[in-house]
Amino acid sequence: MRAVIDLIYAKREGETLGRETIEHLIEAYTADEVPDYQMSAFLMAAFLQGLDADETAALTHAMLYSGEVLDLAEVAGVKVDKHSTGGVGDKVSLILAPLVAACGVPVPMISGRSLGHSGGTLDKLESIPGFRTDLDTQQYRQQLADLGVVMIGQTAEIAPADRKLYALRDVTATVEFIPFIAASIMSKKLAEGIDALVLDVKVGKGAFMKTEAQARKLAETLAGIGEDFGKPTVALLTDMNTPLGYAIGNWPEVEESIACLKGADVPDLMEVTYALAGEMLWLGGVADSPEAGIAQAQSAIASGAAFEKFVELVEVQGGDVNMLHHPGQRPGREPAGEVVAPDGFEGYITDLDALALGQLSTRMGSGRATSADAVDPTAGITLVKHLGDPVQPDDTLAHLHTRHVAQLDAYRQAFMEAITLGEEAEPVSPRLRDRYYRGAWQSA
């Protein structure tokens with residue numbers, strides 16, 4: 001392999017690097033043969049000069065094969081997973097995984113934790129008392145075969161290069177780079193043993209991709225990598241300017257997910273969930289089209305099959321299923337306070353700033369500023385009023401869940417600053433914007 005200093009120089013000067021060169025670099029870094037200071041220099045050179053599609057694919061391949069790539073061939077059916085690029089109130093996975101499994105498509109899901117304003121599926125699941133996300137790969141395979149769904153965290157064997165590189169990107173200002181984001185996401189997803197993938201690429205104030213151009217580019221890059229690796233991949237572009245659903249935080253979002261699995265109508269949340277489910281059931285071969293898949297998913301909710309699959313999942317992974325049947329009994333769930341509309345606050349909610357509310361929920365204890373921080377499983381926000389709703393003085397706008405009761409007044413003020421009122425109600429736009437499949441955008 002060329003000397004690392006030569007690779008840094010070549011990329012700094014805009015040279016395109018070959019697959020073998022990139023793979024050798026990642027292999028050496030994973031084996032601690034390349035120091036962090038040299039890899040930091042390489043990351044910044046790539047960030048500034050860019051990586052083309054072939055270089056991005058090579059980086060993904062190198063990160064993927066830096067560890068174990070699971071083989072799920074012994075599990076019957078087409079294994080399909082979903083990945084979201086992250087947002088505020090995005091509890092879709094909690095509903096979607098058991099829902100799709102209840103319809104006959106195996107769902108192997110390896111998820112992450114919250115960081116910054118965006119929630120993490122693992123933290124939400126672990127807010128169910130006793131729920132374990134630390135299964136090993138053999139338990140992962142066996143549960144998928146037996147139950148049709150498994151939801152765990154990344155194991156030490158899967159994509160170790162990604163863990164090292166992500167930690168380095170986080171401290172070298174190289175996180176917001178689409179080739180790095182795409183390689184990180186896809187190396188982990190491809191290592192799961194999936195046959196197909198559905199992507200929920202979010203755009204807006206509460207998303208990591210703030211502009212539609214950025215989000216479209218990310219969707220195209222992710223889907224392109226999936227197809228290059230022989231995995232049919234669909235990407236949906238969804239709006240994340242306002243929180244998804246009414247709950248923000250770990251247990252608050254579990255409660256809302258339980259309600260939806262039991263048939264509660266949360267229109268924007270279920271719009272996204274059903275759209276993703278339809279795509280997964282179509283790719284999984286049990287529906288003739290995404291539209292037919294949506295109808296199957298709706299039937300699984302109505303029949304109770306989806307909720308029962310969630311109960312089975314929680315029970316097998318050690319969680320207290322009584323909390324699913326009686327979520328109001330979860331210790332610590334009661335709100336510490338509420339936000340009430342003050343005198344003169346009258347009109348219609350025309351904006352709920354997802355980023356501001358996600359950051360507020362994190363301050364209240366639901367998230368982490370660094371990967372080492374602990375989270376409060378019951379902290380967060382439950383909205384009472386959402387986009388388009390009328391507001392009168394003294395109306396309750398939200399419930400606040402936190403142990404930091406001395407800060408309640410500051411939290412109330414921050415909440416009020418995240419709301420915009422108008423004199424007239426404005427139409428609420430659909431969450432779904434577009435669909436990307438096999439190199440083409442189509443209306444969702």
Side-chain angles (χ1 to χ4, degrees), residues 84 86-95 111-129 131 133 151 202 205-207 240 242-261 264 266 268-269 272-273 310 314 319-320 323-324 327-339 352-371 373-387 396-405 407-408 410-419:
S84 167
V88 178
D90 182 9
K91 71 281 295 177
V92 168
S93 291
L94 304 182
I95 309 167
S111 300
R113 299 193 179 278
S114 67
L115 187 62
H117 72 275
S118 179
T121 297
L122 296 185
D123 296 311
K124 294 167 192 176
L125 289 170
E126 289 175 355
S127 74
I128 303 170
F131 193 99
T133 61
M151 302 178 77
K202 297 193 176 297
K205 286 181 287 189
M240 186 35 69
T242 58
L244 189 60
Y246 288 85
I248 306 168
N250 297 310
W251 180 255
E253 292 189 37
V254 171
E255 277 206 54
E256 187 169 38
S257 299
I258 292 168
C260 288
L261 283 164
V266 182
D268 64 333
L269 173 57
V272 175
T273 302
F310 188 52
V314 170
D320 183 353
M323 293 295 98
L324 308 187
Q329 296 180 4
R330 207 268 189 226
R333 69 168 293 277
E334 290 301 321
E338 59 187 22
V339 183
L352 282 167
D353 189 322
L355 177 59
L357 292 174
Q359 291 172 334
L360 173 58
S361 181
T362 297
R363 286 169 51 201
M364 292 167 61
S366 71
R368 48 175 63 84
T370 72
S371 58
D373 292 344
V375 300
D376 176 354
T378 59
I381 302 166
T382 303
L383 300 172
V384 176
K385 298 285 188 176
H386 213 302
L387 200 64
T396 299
L397 304 178
H399 299 293
L400 304 180
H401 309 265
T402 185
R403 295 175 183 174
H404 308 313
V405 293
Q407 301 298 317
L408 276 173
Y411 297 154
R412 290 186 179 102
Q413 181 178 347
F415 183 92
M416 294 299 298
E417 291 171 355
I419 292 182

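We number each residue from 1, following the sequence as shown. Side-chain atoms are counted along with the backbone in the values below, which use heavy atoms only and exclude waters and symmetry mates.
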Heavy-atom side-chain proximity of Leu400 to Ile381 below 4.5 angstrom: yes

Run the side chain to side chain contact (heavy atoms under 4.5 Å, CB included) check on His401 and Thr378 step by step: do they pass? CA-CA 7 Å; His401 309 265; Thr378 59; 5.6 Å; no

In chain order, what residues pass the salt bridge (Lys or Arg N to Asp or Glu O under 4.0 Å) check against Arg333, with sequence neighbours excluded? Glu255

Ser84: side chain to side chain donor-acceptor pair (under 3.5 Å) partners, not counting sequence neighbours: Asp90

In terms of heavy-atom contacts, Lys91 and Ala247 come closest through NZ-O, 2.9 Å

Which heavy-atom pair separates Cys260 from Ile95 by the least distance, and what is that distance? CB-CD1, 3.8 Å

Closest approach of Ala354 to Val88 (non-hydrogen atoms, all atoms of both residues): O-CG2, 3.2 Å

Assess whether side chain to side chain contact (heavy atoms under 4.5 Å, CB included) is satisfied between Leu352 and Ile419, documenting all intermediate values. CA-CA 5 Å; Leu352 282 167; Ile419 292 182; 3.6 Å; yes

Non-neighbouring partners of Glu417 that pass side chain to side chain donor-acceptor pair (under 3.5 Å), sequence neighbours left out: Gln413

A side-chain contact here means heavy atoms from C-beta on lying under 4.5 Å apart; do Asp376 and Trp251 qualify? no

Asp268 meets the side chain to side chain contact (heavy atoms under 4.5 Å, CB included) criterion, sequence neighbours left out, with Leu244, Val266, His386, Arg431

Check whether any side-chain N or O of Thr382 sits under 3.5 Å from a backbone N or O of His399 as a donor-acceptor pair, and report yes or no. no

Could I get the full list of side chain to side chain contact (heavy atoms under 4.5 Å, CB included) partners for Gln407, not counting sequence neighbours? His404, Ala410, Tyr411

Got a sec, which residues hit side chain to side chain donor-acceptor pair (under 3.5 Å) with Lys124, two or more places apart in sequence or on another chain? Glu253

Residue pair Leu397, Met416: steps toward the side chain to side chain contact (heavy atoms under 4.5 Å, CB included) verdict: CA-CA 9 Å; Leu397 304 178; Met416 294 299 298; 3.6 Å; yes

Applying salt bridge (Lys or Arg N to Asp or Glu O under 4.0 Å), can you list everything that pairs with Arg363, at least two apart in sequence or on another chain? none

State, to 0.1 Å, how close Val254 and Ser127 come at their nearest heavy-atom pair, and which atoms those are. CG2-OG, 3.5 Å

For Ser361, enumerate each residue passing the side chain to side chain donor-acceptor pair (under 3.5 Å) test, keeping only those at least two apart in sequence or located in another chain. Ser366

Working to the nearest 0.5 angstrom, can you tell me the gap between Met151 CE and Thr121 OG1? 5.5 Å

When rounded to the nearest 0.5 angstrom, what distance separates CG in Leu360 from CD1 in Ile248? 8.0 Å

Residue list, side chain to side chain contact (heavy atoms under 4.5 Å, CB included) with Leu324, at least two apart or on another chain: Ile128, Ile258, Phe307, Phe310, Val311, Val314

Not counting sequence neighbours, which residues clear side chain to side chain contact (heavy atoms under 4.5 Å, CB included) with Glu334? List them please. none

Pro243 to Leu357 - nearest heavy-atom pair and separation: CG-CD1, 3.7 Å

Shortest non-hydrogen contact from Ala336 to Leu408? O-CD1, 3.5 Å

